[in-house]
There are 2 protein chains.
Amino acid sequence: MNEAGPRWRRRKEARPAEMIEAALDVFAEHGFAAAKLDDIARRAGVAKGSLYLYFDTKEALFRAVVEQIIAPAVSRVLAMAQIPEEGPQNGPFAEVAPRLLAGAALALSQDRVAAVARMVIGEARTFPDLARVWHDQVVGPLLSAVAARIARAQAAGEVRPGSPRTHAFSLVGPLLMATLYRQVFAGVDADPPDLAQVAAQHAQSLLQGLILPATPPAKELPDD
Amino acid sequence: MNEAGPRWRRRKEARPAEMIEAALDVFAEHGFAAAKLDDIARRAGVAKGSLYLYFDTKEALFRAVVEQIIAPAVSRVLAMAQIPEEGPQNGPFAEVAPRLLAGAALALSQDRVAAVARMVIGEARTFPDLARVWHDQVVGPLLSAVAARIARAQAAGEVRPGSPRTHAFSLVGPLLMATLYRQVFAGVDADPPDLAQVAAQHAQSLLQGLILPATPPAKELPDD
DNA sequence: TGCTTTAATGACCTGAAAGTCATTTACTAG
DNA sequence: CTAGTAAATGACTTTCAGGTCATTAAAGCA
């Protein structure tokens, strides 16, 4: 019987991150309620009791996962979109919008980010304060930044009038829909939508308009 | 001590519907996993054991809720949008699309429908066959119908080229986003988006284009 | 009015998973 | 080398909700 080394190591610094990583996998696969702490512990290579050295409850672990995964994604999207609050002009809106959507598509292409988004939607009612954090720190700032940029474009006469906030929904809604579609129907639909393609085509459609300006097909004109 | 009548009544026909109704309320409030059958039973005015006379398991009850609530909503949307599979021409796409979005907004304005949608998104991983049913019977048909209508409009030269399916995402994504926003942030955001407003403004924006064609604001032109 | 049927009950059973803690053992300071 | 510390363990406790079933009683019928 070979005893290669100590049965376990003391790794106070590395443990929490590993636990969060493992928790993300298990939560994403089964959802919050159906995820078992034993599974998470096993995947993290620790005993269940060890989880409680770093997280008080299952919910605390869940919240740590959300914060850990999402915070970088949010700042990355805003950075890629290059939407500074009060910065200098950063190009015409017709160029900013596709950049923003492309950046969002890239961020949401990571299944980890998309899975967290799906889980928050599913669990918001179970954890009202999670919904509050998400609203105040993620969705709110993102929506406000986009709406502010749209309002600037409206002031410059670039963009059609209307509620900037609603325009923001117009802009990013399809991407959210495609993301959720991929998450919900993974394994059911063999041909899920491609986020980059949706982002590109939607940017084009929304900016330029879906309707073609009465280009007669040279054939169906009523003969008079 | 007044004994007004029998302790309970036999109502084989009315029970299931009442149970589904109560179950919807409790599921919508707490999510599937956190919903207690005792609560559902109490709200339905029956004992827990009675639930098992009509539904084999908690999951069966959940599925009954989904089917009961969604089926009418789906057919109503398609009816309001007046998108027959092979029917006669039903007006230019520029008129059909707003009608479709308005109908969808109306259907999704019922919190019951929206709550079910949110729950399916949240629970799809826990119940893979629920995701399959939802895909095959709800989302798939709806998306296909809309995409088919868009393809017809493209063939007629009304609509810009591009994947019809992606165009369908462009069309309905913002409404889904607004619906989920309302569901997730109910109680957190005091000023949620109005679905009818989002539908109307988005239809306008998407069809006509968000970008204004270089209308000089008569003031900021560089003076040369 | 009594008999049969079966809808309905609710106390109970049971499995499962969150959370605890006395014990073990890796590490470190002296 | 030794003693002190605290990271880590995993068997145990506790809680709780899904599911069962022997019993009750409402309704239909002769």
Side-chain angles (χ1 to χ4, degrees), chain A residues 1-27 29-65 119 123 125-127 130, chain B residues 1 3-65 119 123 125-127 130:
Chain A
M1 191 63 88
N2 49 9
E3 186 67 26
R7 287 223 266 270
W8 44 264
R9 304 282 185 128
R10 293 181 146 198
R11 287 162 56 240
K12 186 185 171 70
E13 277 70 32
R15 291 293 191 217
E18 295 171 2
M19 290 171 177
I20 287 176
E21 194 71 18
L24 169 60
D25 289 343
V26 178
F27 281 140
E29 188 171 355
H30 298 99
F32 176 82
K36 299 174 219 172
L37 289 181
D38 276 308
D39 286 351
I40 294 174
R42 195 175 323 120
R43 195 175 299 216
V46 298
K48 183 170 67 171
S50 303
L51 295 176
Y52 285 89
L53 295 177
Y54 300 97
F55 305 97
D56 285 344
T57 63
K58 187 184 185 185
E59 181 181 347
L61 177 56
F62 181 68
R63 296 178 63 148
V65 167
M119 281 164 44
E123 308 290 349
R125 289 293 174 93
T126 315
F127 307 117
L130 178 70
Chain B
M1 187 67 86
E3 186 67 26
R7 286 224 268 268
W8 41 265
R9 303 285 184 125
R10 294 182 145 198
R11 287 160 58 239
K12 186 185 172 71
E13 277 70 32
R15 290 294 191 216
E18 294 172 2
M19 290 171 178
I20 287 176
E21 195 70 19
L24 170 61
D25 289 343
V26 178
F27 281 141
E29 188 171 355
H30 298 99
F32 176 82
K36 299 174 220 173
L37 290 180
D38 276 309
D39 287 351
I40 295 174
R42 194 174 325 119
R43 195 174 300 216
V46 299
K48 184 169 68 171
S50 303
L51 295 175
Y52 286 89
L53 295 177
Y54 300 98
F55 306 97
D56 285 344
T57 64
K58 188 185 185 185
E59 182 181 347
L61 178 56
F62 181 69
R63 296 178 63 148
V65 167
M119 282 163 43
E123 308 290 349
R125 287 294 173 92
T126 315
F127 307 115
L130 178 69

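Computed from a predicted model, the values in this text were never measured in an experiment.
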Engineer: Between C:dA18, D:dT9, C:dT9, which nucleotide has the shortest distance from any of its atoms to the side chain of A:Trp8?
Structural biologist: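 Side chain of A:Trp8 sits closest to D:dT9.
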Engineer: Write down the distance between CZ (A:Arg15) and P (C:dC27), rounded to a whole number of angstrom.
Structural biologist: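 Distance, rounded to whole Å: 10 Å.
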Engineer: Under 4.0 angstrom, heavy atoms only, what part of the nucleic acid is B:Ala33 near: base, sugar-phosphate, or nothing?
Structural biologist: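 Contact class for B:Ala33: none.
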Engineer: Provide, to the nearest angstrom, the distance between the CG atom belonging to B:Leu51 and the C1' atom belonging to C:dA7.
Structural biologist: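 In whole Å, C:dA7 C1' lies 13 Å from B:Leu51 CG.
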Engineer: Can you tell me whether the side chain of B:Arg10 and the base of D:dA26 have a donor-acceptor pair closer than 3.5 Å?
Structural biologist: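 Under the 3.5 Å cut-off, the side chain and the base do form a donor-acceptor pair.
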Engineer: Can you find a heavy atom in the side chain of B:Tyr54 that is under 4.5 Å from one in the side chain of B:Lys12?
Structural biologist: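 Counting from C-beta outward, B:Tyr54 and B:Lys12 do come under 4.5 Å.
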Engineer: Given atom CG of A:Leu37 and atom C1' of C:dT20, what is their separation to the nearest angstrom?
Structural biologist: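 Checked: the CG to C1' distance equals 13 Å.
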Engineer: Are any of the side-chain heavy atoms of B:Phe62 and B:Glu123 separated by less than 4.5 Å?
Structural biologist: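 Side chain of B:Phe62 against side chain of B:Glu123, heavy atoms only: contact under 4.5 Å found.
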Engineer: Judged by each residue's nearest nucleotide on DNA chain C, which is more toward the 5′ side, A:Thr57 or B:Arg9?
Structural biologist: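 Its nearest nucleotide lies further toward 5', so the answer is B:Arg9.
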Engineer: The side chain of B:Lys36 is closest to which nucleotide in this list: D:dT9, D:dA17, C:dA18?
Structural biologist: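 For the B:Lys36 side chain, the nearest candidate turns out to be D:dA17.
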Engineer: Rounding to an integer number of Å, can you tell me how far A:Phe32 CZ sits from C:dA17 P?
Structural biologist: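 It is 13 Å, rounded to the nearest whole Å.
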Engineer: What is the ring orientation for A:Phe32 with A:Phe27, classed by angle as parallel under 30°, tilted 30 to 60°, or perpendicular over 60°?
Structural biologist: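 Answer is parallel, since the angle falls under 30°.
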Engineer: Taking the nucleotide of DNA chain D with the nearest heavy atom to each, does A:Gly45 or B:Glu59 sit closer to the 5' end?
Structural biologist: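 Closer to the 5' end of DNA chain D: A:Gly45.
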Engineer: May I ask you to verify if any side-chain N or O of B:Tyr54 is less than 4.0 angstrom from the OP1 or OP2 atom of C:dA7?
Structural biologist: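 No, because none of the side-chain N or O atoms of B:Tyr54 sits under 4.0 Å from OP1 or OP2 of C:dA7.
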Engineer: Considering only heavy atoms and no angle criterion, is a donor-acceptor pair shorter than 3.5 Å present between the side chain of A:Lys48 and the base of C:dG19?
Structural biologist: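 Under the 3.5 Å cut-off, the side chain and the base do form a donor-acceptor pair.
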Engineer: Relative to the 5' end of DNA chain D, which residue comes earlier, B:Gly49 or A:Gly49, by the nucleotide with the nearest heavy atom?
Structural biologist: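 Comparing both residues, the 5'-ward one is A:Gly49.
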Engineer: Between B:Arg42 (CZ) and C:dG10 (C1'), how many Å, whole number?
Structural biologist: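 Whole-Å distance recorded here is 13 Å.
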Engineer: Using a heavy-atom cut-off of under 4.0 Å over every strand shown, decide if B:Leu53 touches base, sugar-phosphate, or nothing.
Structural biologist: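 Base: the residue B:Leu53, judged by heavy atoms under 4.0 Å, touches a nucleobase.
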Engineer: Can you measure B:Asp38 atom CG to D:dT15 atom P for me and round it to whole angstrom units?
Structural biologist: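 Nearest whole value for this atom pair: 18 Å.
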Engineer: Has B:Arg9 got more than 12 heavy atoms of other residues, nucleotides or ligands less than 6.0 Å from its CZ?
Structural biologist: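 No, CZ of B:Arg9 has 12 or fewer neighbouring heavy atoms, counting only those of other groups under 6.0 Å.
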Engineer: Can you tell me which nucleotide in D:dA26, D:dA8, D:dG19 comes closest to the side chain of B:Arg7?
Structural biologist: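 From the listed options, D:dA26 comes nearest.
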Engineer: Kindly compute the distance separating CE (A:Met119) from OG1 (A:Thr126), expressed to the nearest 0.5 Å.
Structural biologist: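 Between A:Met119 CE and A:Thr126 OG1, I get 11.0 Å after rounding to 0.5 Å.
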Engineer: In whole angstrom, what separates A:Glu13's CD from D:dA6's P?
Structural biologist: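 About 14 Å, once rounded to whole Å.
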Engineer: Once you round it to whole Å, what is the distance between P of C:dA17 and NE2 of A:His30?
Structural biologist: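 To the nearest whole Å, that distance equals 11 Å.
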